[in-house]
Amino acid sequence: MSAPQHSQRFSAIFSAFMVFCVLVWLWGLGLFMLWPWQKGGEWLPEFPLAAVCADDQVCALPYGKLAAAQAAGKVKTLQLPTASGETAYEMIALQWKKLPNGVEAKASAWNFQTTVRYRIDDETPILVEYQEIGGKVFFYAIVGALISLGLLYLRKLRK
């Protein structure tokens with residue numbers, strides 16, 4: 001008689017955990033899509049930008065080292081030859097796409113994603129807006145999922 005009781009308890013815990021995982025995923029996706037953009041601001045010195053280097057290949061350079069690379073002749077132009085593309089800088093994946101009024105570049109690793117929109121004036125990138133998504137989105141998703149799971153089981157208890 002005790003085996004079915006343990007099996008039912010395990011089944012209930014497993015079901016609750018699966019619902020929780022789905023809720024974390026849904027909350028995370030929703031927060032990821034709705035995360036706000038910040039206008040203007042200062043460039044992060046380590047943010048990689050895509051550029052055409054001296055060997056006519058697209059490369060990534062951190063913003064803080066861009067002026068020195070341009071002065072040394074290592075960078076030909078910031079005007080990218082393709083409408084979109086991807087390259088890497090150290091452990092960061094850098095994706096870009098051209099917009100009607102500039103460029104959108106997304107630098108991402110396993111624990112963060114930073115997207116910037118900028119325009120290029122006289123071979124100088126001008127920051128228009130940016131979006132930083134980090135670990136706190138995951139924690140907000142967990143809190144949202146816990147609250148949602150609690151409300152679902154409260155509703156179940158009322159019936």
Visitor: Using the benzene-type ring in the case of Trp, are the ring centres of W43 and Y130 under 6.0 Å apart?
Guide: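 Between Y130 and W43, which both carry aromatic rings, the centre distance is not below 6.0 Å.
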
Visitor: Does L152 share a hydrophobic cluster with I142, counting links as ILVMFWY side-chain heavy atoms below 4.5 Å and allowing steps through other members?
Guide: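 They do share one cluster, since a chain of ILVMFWY contacts under 4.5 Å joins L152 to I142.
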
Visitor: Report yes if some heavy atom in the side chain of M91 is under 4.5 Å from a heavy atom in the side chain of W110; otherwise report no.
Guide: no

Visitor: Once rounded to the nearest 0.5 Å, what's the spacing between atom CD1 of I120 and atom CD1 of I126?
Guide: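 Spacing of CD1 (I120) from CD1 (I126) equals 9.5 Å.
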
Visitor: Let me check something: any side-chain donor-acceptor pairs from residues 49-72 under 3.5 Å, sequence neighbours excluded? List them with distances.
Guide:
unit_1: D55; atom_1: OD1; unit_2: Q57; atom_2: N; d: 3.2
unit_1: D56; atom_1: OD1; unit_2: K76; atom_2: NZ; d: 2.4
unit_1: D56; atom_1: OD2; unit_2: K76; atom_2: NZ; d: 3.3
unit_1: Q70; atom_1: NE2; unit_2: E123; atom_2: O; d: 3.1

Visitor: Would you say V22 ends up clustered with L29 if hydrophobic residues are merged whenever their side chains have heavy atoms under 4.5 Å apart, either directly or through other cluster members?
Guide: yes

Visitor: Take E104 and Y118, measure what side-chain contact (heavy atoms from CB on, under 4.5 Å) needs, and give me the verdict at the end.
Guide: CA-CA 6 Å; E104 180 177 288; Y118 63 95; over 6 Å; no

Visitor: Just wondering, more than 12 heavy atoms not from K97 lying within 6.0 Å of its NZ?
Guide: no

Visitor: Give a yes or no on whether F138 atom CZ has more than 12 heavy-atom contacts from other residues, nucleotides or ligands under 6.0 Å away.
Guide: no

Visitor: Can you tell me how far apart CD (Q131) and CD (E129) are? Round to the nearest 0.5 Å.
Guide: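 Nearest 0.5 Å value for the CD-CD distance: 9.0 Å.
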
Visitor: Using the rule that Ile, Leu, Val, Met, Phe, Trp and Tyr join whenever any side-chain heavy atoms are under 4.5 Å apart, tell me whether L149 and I147 fall into a single cluster.
Guide: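 Unlinked, L149 and I147 end up in two clusters.
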
Visitor: With rounding to the nearest 0.5 angstrom, report the OH to CH2 distance, Y140 to W35.
Guide: 5.5 Å

Visitor: To the nearest 0.5 Å, what is the distance between CG on L78 and OG1 on T124?
Guide: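 L78 atom CG to T124 atom OG1 measures 7.5 Å (nearest 0.5 Å).
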
Visitor: Taking a hydrophobic cluster as the set of Ile, Leu, Val, Met, Phe, Trp and Tyr residues connected by side-chain heavy atoms closer than 4.5 Å, whether directly or through intermediates, do L94 and Y89 fall within one such cluster?
Guide: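 No, L94 does not connect to Y89 through the hydrophobic network.
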
Visitor: Residues two or more places apart in sequence or in another chain: which of them pass side-chain hydrogen bond (donor to acceptor under 3.5 Å, both in side chains) with W27?
Guide: S148

Visitor: If two hydrophobic side chains count as joined below 4.5 Å and joins carry through other members, does M33 share a cluster with W25?
Guide: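 They do share one cluster, since a chain of ILVMFWY contacts under 4.5 Å joins M33 to W25.
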
Visitor: Would you compute the distance between atom CZ of F47 and atom OG1 of T114 and round it to the nearest 0.5 angstrom?
Guide: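 Reported to 0.5 Å precision, the distance equals 6.5 Å.
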
Visitor: Rounded to the nearest 0.5 Å, how far does NZ of K106 lie from CD of Q95?
Guide: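 Between Q95 CD and K106 NZ, I get 5.5 Å after rounding to 0.5 Å.
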
Visitor: In terms of heavy-atom contacts, does OH of Y153 have more than 12 from other residues, nucleotides or ligands at under 6.0 Å?
Guide: yes

